[in-house]
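Per chain, numbering begins at 1; letters A, B, ... match sequence-line order.
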Amino acid sequence: MENVAHSARLLKWYDVHARPLPWRVAPNSNRRADPYHVWLSEIMLQQTVVKTVIPYFETFLQNWPTVHDLADCALEDVLKRWAGLGYYARARNLHACARMVVERYGGVFPTSEKELLALPGIGPYTAAAIRAIAFDQPASVVDGNVERVVARLYALKKPLRDIKVLIRQKAARLTPAKRPGDYAQAMMDLGATVCTPKSPACDRCPVRENCAARQQGCAAALPVRAPKKAKPLRTGTAFLVVRDDGAVLLRQRPAKGLLAKMLEVPATPWCRKPEDGDCFGAPVEASAPVETNWQCVPGFVTHSFTHFDLRLEVRTGRVGQEQPLLHQAFPERCRWVPRRRLAGEALPGVMRKIISYGLGEPL
DNA sequence: CACCCGTGGTC
DNA sequence: TGACCAAGGGT
């Protein structure tokens, strides 16, 4: 394929169809996007769709207009603002990266691939995106969209995991020296709006003449993904304790692992075996954070994580102001949170489900 | 390298 | 409605 024709057609399409996004400058613009904005948006966009990211991006910029502001704030505040977005390691790395950029580089993002890759939360994709979009360097940006577009352009029919290197080579060869930032965003916009996973709109595609998969009629079937494994079910019981003044008992999760450093509703361990009333041989009551008259809420809260499904029973309990916490509840990590403050806390989506389910009202 | 790591948009 | 899976990185 003629690479020049490909990039020329794509850029011409992008000039017309580029979506205005908060972190994006207009195509063919003389200005470059702010590296802080590009970095922040790219971290948020990892495995997350544009529509979901936009309000979070606006909130972050409003609270922390510069990387200095973000570096100066407490991690806890970042986690609060990140709550609901998922993959919370991104938030911890974001904060660490901001501090590193300020300490090592005086708040100015480095431009070399080596230096960018050394920053927490920045991998091959994000480093290339920052170089291309913020610094106008001809870096080859390969994300899930580009993998799909390239697999179709060349009708690559082997399993995706076996041809990742080949796709990177093809993608690098397609990347133009001019307007690399616009080109990168054009490829990703194309994948997100035209060359979509299930039913690609080939009749609207600016590079349909170059697409081998379209000629063969197999575009929708590419790329070939490995079959997914079934998710195991984990079960447990959550204890929603409401104090007489309406405050709810929450607990900070451990520093590593699932939902690290986020707040949680105290609960039993989440067990592999869906056997009610028993977990590792211990009774459910052994995980209760207080002694009270527990009330079972009918039904379950269900939630699907990346690698397992969760089904939780919820029990509610009312306690007085002077109720002592039980030893098993890790009291050093427990906090009473006023009802009105709940929505702004670092509560993951699953915990918000549990609380609103147990309270019988939205947060 | 395989696995861990969230959530909700999308059809 | 449920299944797919997204602008990936860390270990």
Let me know the distance between [atom1] of [X] and [atom2] of [N], rounded to the nearest Å.
X: A/Leu94; N: C/dG8; atom1: CG; atom2: C1'; value: 14 Å
X: A/Gln185; N: C/dA7; atom1: CD; atom2: P; value: 13 Å
X: A/Lys229; N: C/dC5; atom1: NZ; atom2: P; value: 16 Å
X: A/Lys231; N: C/dG2; atom1: NZ; atom2: P; value: 14 Å
X: A/Asp309; N: C/dG2; atom1: CG; atom2: P; value: 12 Å
X: A/Leu117; N: C/dG10; atom1: CG; atom2: C1'; value: 13 Å
X: A/Tyr87; N: C/dA7; atom1: OH; atom2: P; value: 13 Å
X: A/Leu160; N: C/dC4; atom1: CG; atom2: C1'; value: 15 Å

For this session: Take A/Gly86 and A/Lys198, find for each the nucleotide of DNA chain B with the closest heavy atom, and name the residue whose nucleotide sits nearer the 5' end.
Result: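 On the 5' side of the pair lies A/Gly86.
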Problem set entry | Of A/Leu347 and A/Thr196, the one whose closest DNA chain B nucleotide lies more 5' |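 Nearest nucleotide further toward 5': that of A/Leu347.
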Write down the distance separating the [atom1] atoms in [N] and [M], rounded off to the nearest Å.
N: B/dC1; M: C/dG8; atom1: C1'; answer: 16 Å
N: B/dT7; M: C/dT11; atom1: C1'; answer: 22 Å
N: C/dA7; M: B/dC3; atom1: C1'; answer: 22 Å

Checking all strands, does [X] fall into the base, sugar-phosphate, or nothing category for heavy-atom contacts under 4.0 angstrom?
X: A/Leu21; value: base
X: A/Gly191; value: nothing
X: A/Arg19; value: base

Whether [X] side chain and [Y] backbone form a donor-acceptor pair below 3.5 Å:
X: A/Arg90; Y: A/Leu85; value: yes
X: A/Asn3; Y: A/Arg173; value: yes
X: A/Lys157; Y: A/Leu222; value: no
X: A/Asn93; Y: A/Ala89; value: yes
X: A/Glu42; Y: A/Val38; value: no
X: A/Thr196; Y: A/Thr193; value: no
X: A/Lys261; Y: A/Arg253; value: no

Compare side-chain N and O positions of [X] against OP1 and OP2 of [N] and report whether any pair is under 4.0 Å apart.
X: A/Lys228; N: C/dC5; result: yes
X: A/Arg225; N: C/dA3; result: no
X: A/Arg148; N: C/dA6; result: yes
X: A/Arg90; N: C/dA7; result: no

Side-chain ion pair, [X] and [Y], N-O less than 4.0 Å:
X: A/Asp189; Y: A/Arg24; value: yes
X: A/Asp143; Y: A/Arg148; value: no
X: A/Glu147; Y: A/Arg152; value: no

Exercise. Just the endpoints, please: which first and last nucleotides of DNA chain B, 5' to 3', lie under 4.0 Å from a heavy atom of chain A?
Worked result: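 The protein-touched segment is B/dC3 to B/dT10.
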Problem set entry | Donor + acceptor pair across side chains of A/Arg9, A/Asn210 (<3.5 Å) |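 There is such a pair (donor and acceptor under 3.5 Å, judged by atom type) between the side chains of A/Arg9 and A/Asn210.
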Exercise. Just one of A/Tyr36, A/Phe60, A/Trp39, A/Phe57 clears the ring pair (Phe, Tyr, Trp, His ring centres under 6.0 Å) bar with A/Trp23, so which one?
Worked result: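 Testing each of A/Tyr36, A/Phe60, A/Trp39, A/Phe57 against A/Trp23, the sole residue satisfying ring pair (Phe, Tyr, Trp, His ring centres under 6.0 Å) is A/Phe57.
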Exercise. Taking A/Phe239 as the fixed residue, which of A/Val265, A/Thr268, A/Thr316, A/Leu249 is the one that meets the side chain to side chain contact (heavy atoms under 4.5 Å, CB included) rule?
Worked result: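 It is A/Thr268, the one option of A/Val265, A/Thr268, A/Thr316, A/Leu249 that forms the side chain to side chain contact (heavy atoms under 4.5 Å, CB included) with A/Phe239.
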For this session: Go through DNA chain B and write down every stem, that is, every run of at least three consecutive Watson-Crick or G-U wobble pairs with distances under 3.5 Å, as range with range.
Result: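 Result, WC/G-U stems under 3.5 Å: B:2-5 with C:8-11, B:7-11 with C:2-6.
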Exercise. For DNA chain B, which residues in residues 35-55 of chain A have a heavy atom at a distance below 4.0 Å?
Worked result: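 Heavy-atom cutoff 4.0 Å gives A/Gln47, A/Thr48, A/Val49, A/Lys51, A/Thr52.
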